[in-house]
Structure formats: C-alpha cells, structure tokens
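Labels below follow one simple rule: chain letters A, B, ... track the order of the sequence lines, proteins then strands, and each chain is numbered from 1.
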Number of protein chains: 2
Amino acid sequence: MDKKLVPDIVVARLPLYLQTLNRLQQEGEYNTSSKDLGKRIDISAAQIRKDLSHFGEFGKQGTGYSISFLIEKLEDILHVNKVWGMALIGVGFLGHAIANFNGFQNHGFQIKCIFDNDLEKIGTNIGEYVIYDSRNLAEVIQKENIKIAMITVDAEHAQNVANQVVKAGVKAILNYAPVKLIVPKSVQVQNIDPIIELQHMTYYLD
Amino acid sequence: MDKKLVPDIVVARLPLYLQTLNRLQQEGEYNTSSKDLGKRIDISAAQIRKDLSHFGEFGKQGTGYSISFLIEKLEDILHVNKVWGMALIGVGFLGHAIANFNGFQNHGFQIKCIFDNDLEKIGTNIGEYVIYDSRNLAEVIQKENIKIAMITVDAEHAQNVANQVVKAGVKAILNYAPVKLIVPKSVQVQNIDPIIELQHMTYYLD
DNA sequence: TAGATTGTTAATCGATTAACAATC
DNA sequence: TAGATTGTTAATCGATTAACAATC
C-alpha cells in the first residue's frame, strides 16, 4: 500500500486530532465523537470521519470513539509511538528556547545533541546539554542515528547546514530559518516562520 | 469588492512570494518571471500567475515582473507597507527569544510591549523593553492601539490571555501555545507549534 | 426499542493545471 | 521579427460535504 494514497493535507490534520484527543484525555474524558471533536477544532464531523477512514475503522456506531484507543492508533500512524532523537543546530535565542522546551517529551521527540559554530559557545552547557562543534555534526548525527534536525541558524547558513545534516542521514528538517531549503525528495521539510504567519493575517486587517 | 473573493489558500502563499522576491532583490536581481519564481519555491508558474491575477496585472508579457514593483504591490496587498505594533505576552524562553528577534523590522512588524504575570520578571528589562504586569494588558494595548498579539504563555493560560487581548481590541493572534484558541470570527489566529510539524513529518519516516 | 453515530458513497464544491491569444 | 512570458479561460483534478444504510 503506497503511502501517497493518503493526501498530505489529511496527514497534516492528524497531529491536530492527536493533540485534541490528548487534551480531552487530560480533562478526564473517555469517549468522543467526530461531531464533538470537530466542534473543538472547527473541522466538520464528516471530514474527521473521512480522514480517519483512510487508516481503518476506529469508532463504533452510536457511541463514537474511545479516546485512549484513538490516541494509540494515531500515534501508530504518525510513528510517534517511539521516541525520535533530534539534533538542534544553532544556539541563538531561539535555539536556546527550543533546547529548554519541555514539550517534546511525551509526544515522540527528544533532543539528543546541540551544535553551534561559535567557539565561545562550544563546550558550554545549555540545560542538560553540552554544545558541540558544528564541524562534528555529521559524525555525531550518524553515530547516534539521528533522523530529525531542527535548524535555528541564520538564513544565510541554513542551506549549508541542511546539506550537512542530509548528508549525515537526516530525513526530516524543522526549519526555523526564513529560506526555502532545497533537499532531496526523500527528505521532509517543514518551516516555522512567524513573519509568514503574521503577513498572512495582516491581509485581513486594515 | 469582498475580500472573501480571494481564497485564503491564495493569501497564504503571498507572504512566501514576498519573502522570495526580497531574497532575489538582495541577490541583486531586478526582474523575475513566474517560471523562475516558481522554481525557487516549488510552485507551478501557472499557479503564481493565477494567484497574482486576483489582485491585478503586475507583469509584462515577454519580460515577466519587476521585482521591486511586485514587492511594493504585495506589501500593499498584505498591508505590510506600514509597521504593525505588536504585544508579546509571556516571557519564558520562547518569549525571550521572540523579544530579541530582529527579523520583524523591515517586514512590517515591531514589538511595542511585553507582558508577564511573574512578579520576579515584571519591571525587569528584556532587550530594549520593560516587562509590564499582565494586569495592565488591556490598558496598554488599548492606549497604544495594538492590533496584533503574540501569545507565548502556557497552554493552560493561553485562552485566558486570548480573551483579554481580544477584549482590548487585538484583531490578530500569533499563538505559540499548543491549544486551539476560541475567538470571534473577526479575529485572525495562526498557530506555531513544532510538535504538530514534527508529527506531520514522522508520518513519512519509518 | 429509539437514538446516536459510524464508515462510505455520490454529489458538490473548489483549486490546480494546461493551453493559448495577446503582446512586450 | 522571433522568443518569451503574461493574464485568462476551460479542463482536469482533488478535497469537502451531504446523505444514509448499518449497527452499537
């Protein structure tokens, strides 16, 4: 079964479903329905059912979905029923914030190593981590078998860093630099860029 | 002319076009084409032309687009030909990083005030700013006529903060908390959530 | 049983692409 | 002029929604 059978736009919604289910569970709920879930995230009940139907039958007529069961299934589908080691490259203010972010735990992710090319920073501590020399990037990433990188370097250096991590075996990049990275098709990239989001919103402002 | 005539998915691409044009200009280019632009950001030339055609005719047959002219037009369309004052609420590591981010300048945005509810932080400096007491949120936002808020508080407090800023007149929220905010339809919200992006990518990893 | 909600089908709606006349 | 590229139309493609039989 080829993965491309599931549209990417559907895949993109699954983490949102998972997030919402986790929240419902925290609130002490045991069951939910496509209607209930949809109301929470402004998505039609039909779309939620259609999305889930790409992967199996997880609900029961009349009663809806078991939250814990659906969480389990979505974690399986998204491959976050394990912990992915991540590399963080670039220790500016943003890199610092991400290194200290404790929200990765319990959602399938863990920072394994942090890099910078600033001699002042290399060897110093950031939280529980030691900052490594960027020149050892490939070596460490390969040795630790890391598949995910978060890039928080300047726009000018981001493509160069991307090239390096890809060469070292990274298959997914979360890119915080405001550049479109060029990578092989086998490598996933998602961008986080506040300017893009802000400008999207100001269109609707006057 | 109702704005809803332009699909939101089209609007969402405009900031990306603008970013790319700015980069081209920095690289010393004066002209570009839908084909050239498209190749840079993996979007078809036809789509770029179609998107732009919602707003006017900005190119010339045979020669394409003047970069500076198209930048000007896109800035007009996105309303970033002015500087939007922004409020930042929540001074954890992430808020700290955003407060020190210098990428807002030149793209239409400027942080005007920063809030926290931690008595240890209130009154201290962060870069050029003084951290205000969250209890004065509404007052300051109204007085400074701020229309955009960036929320970097915990998931548990985000909705409460959103309610306050909306009440104070904010019309656009960049939400870094992993919650779906409930706001009036007249208020724009965009979310930035690394977990969501990472889980989207791990679907394709094995 | 009656009410609720699923998974799925078919219909609708919307977005993307291909093609081309116009023209720089 | 010949080549290139626009803006736009129509065709294609894909995503969302409405509806409903199945069934808990």
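With sequence neighbours excluded, the residues satisfying side chain to side chain donor-acceptor pair (under 3.5 Å) with B:Ser34 are B:Arg49. Residues satisfying the side-chain contact (heavy atoms from CB on, under 4.5 Å) test with B:Ile122, not counting sequence neighbours, are B:Leu119, B:Asp133. With sequence neighbours excluded, no residue forms a side chain to side chain donor-acceptor pair (under 3.5 Å) with B:Lys171. Not a single side chain to side chain donor-acceptor pair (under 3.5 Å) links A:Asp116 to another residue, sequence neighbours left out.
At least one donor-acceptor pair under 3.5 Å links the side chain of A:Gln199 to the backbone N or O of B:His107. Side-chain atoms of B:Asn175 come within 3.5 Å of backbone atoms of B:Val179 as a donor-acceptor pair (strictly under, hydrogens ignored). Side-chain N or O atoms of A:Gln159 include one that pairs as donor or acceptor with a backbone N or O of A:Ile182 at under 3.5 Å. Between the side chain of B:Tyr17 and the backbone N or O of B:Leu52 there is no donor-acceptor pair closer than 3.5 Å.
Taking atom CG on B:Asp8 and atom P on D:dT16, their separation rounds to 13 Å, with Å as the unit. Separating the CZ atom of A:Phe58 from the C1' atom of D:dC24 is a distance of 18 Å, rounded to the nearest angstrom. Summarising the geometry, the separation between CD1 on B:Ile48 and P on C:dA15 is reported as 17 Å, rounded to the nearest angstrom. Regarding A:Asp51, its CG atom lies at a distance of 10 Å from the C1' atom of D:dT16, rounded to whole Å. Protein atom CG of A:Asp42 is 14 Å distant from nucleotide atom P of D:dT16, rounded to whole Å. Spacing between atom NZ of B:Lys73 and atom P of D:dG7 amounts to 13 Å, rounded to whole angstrom units. The CZ atom of A:Arg13 sits 8 Å away from the C1' atom of D:dA15 (whole-angstrom rounding). When rounded to the nearest whole Å, the span between CD1 of A:Ile9 and C1' of D:dC13 equals 14 Å.
Among residue pairs with one or both ends in residues 86-105 of chain A, those qualifying as ring-ring contact (aromatic ring centres under 6.0 Å, His included) are A:Phe93-B:His96, A:His96-B:Phe93, A:Phe101-A:Phe104; sequence neighbours excluded. The stretch residues 181-204 of chain A participates, sequence neighbours left out, in no salt bridge (Lys or Arg N to Asp or Glu O under 4.0 Å) pair at all. Sorted by first then second residue, the salt bridge (Lys or Arg N to Asp or Glu O under 4.0 Å) pairs that include residues 73-87 of chain A, not counting sequence neighbours, number zero. Sorted by first and then second residue, the salt bridge (Lys or Arg N to Asp or Glu O under 4.0 Å) pairs with a member in residues 143-167 of chain B form an empty list; sequence neighbours excluded.
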Got a list of protein N/O to nucleotides 8-12 of chain D N/O distances below 3.5 Å?
from  : atom 1 : to      : atom 2 : distance (Å)
D:dT8 : OP1    : B:Glu57 : OE2    : 3.4

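Below 30°, between 30° and 60°, or above 60°: for B:Tyr132 and B:Phe115 the angle between ring planes is between 30° and 60°, a tilted geometry.
At a non-hydrogen distance threshold of 4.0 Å, B:Ser33, B:Ser34 from residues 20-40 of chain B come into contact with DNA chain D. Remark: A:Gly59, A:Lys60, A:Gln61, A:Gly62, A:Thr63, A:Gly64, A:Tyr65 in residues 59-68 of chain A come within less than 4.0 Å of DNA chain C through at least one heavy atom.
In DNA chain C, runs of at least 3 consecutive Watson-Crick or G-U pairs, each pair with both distances below 3.5 Å, span C:3-24 with D:3-24.
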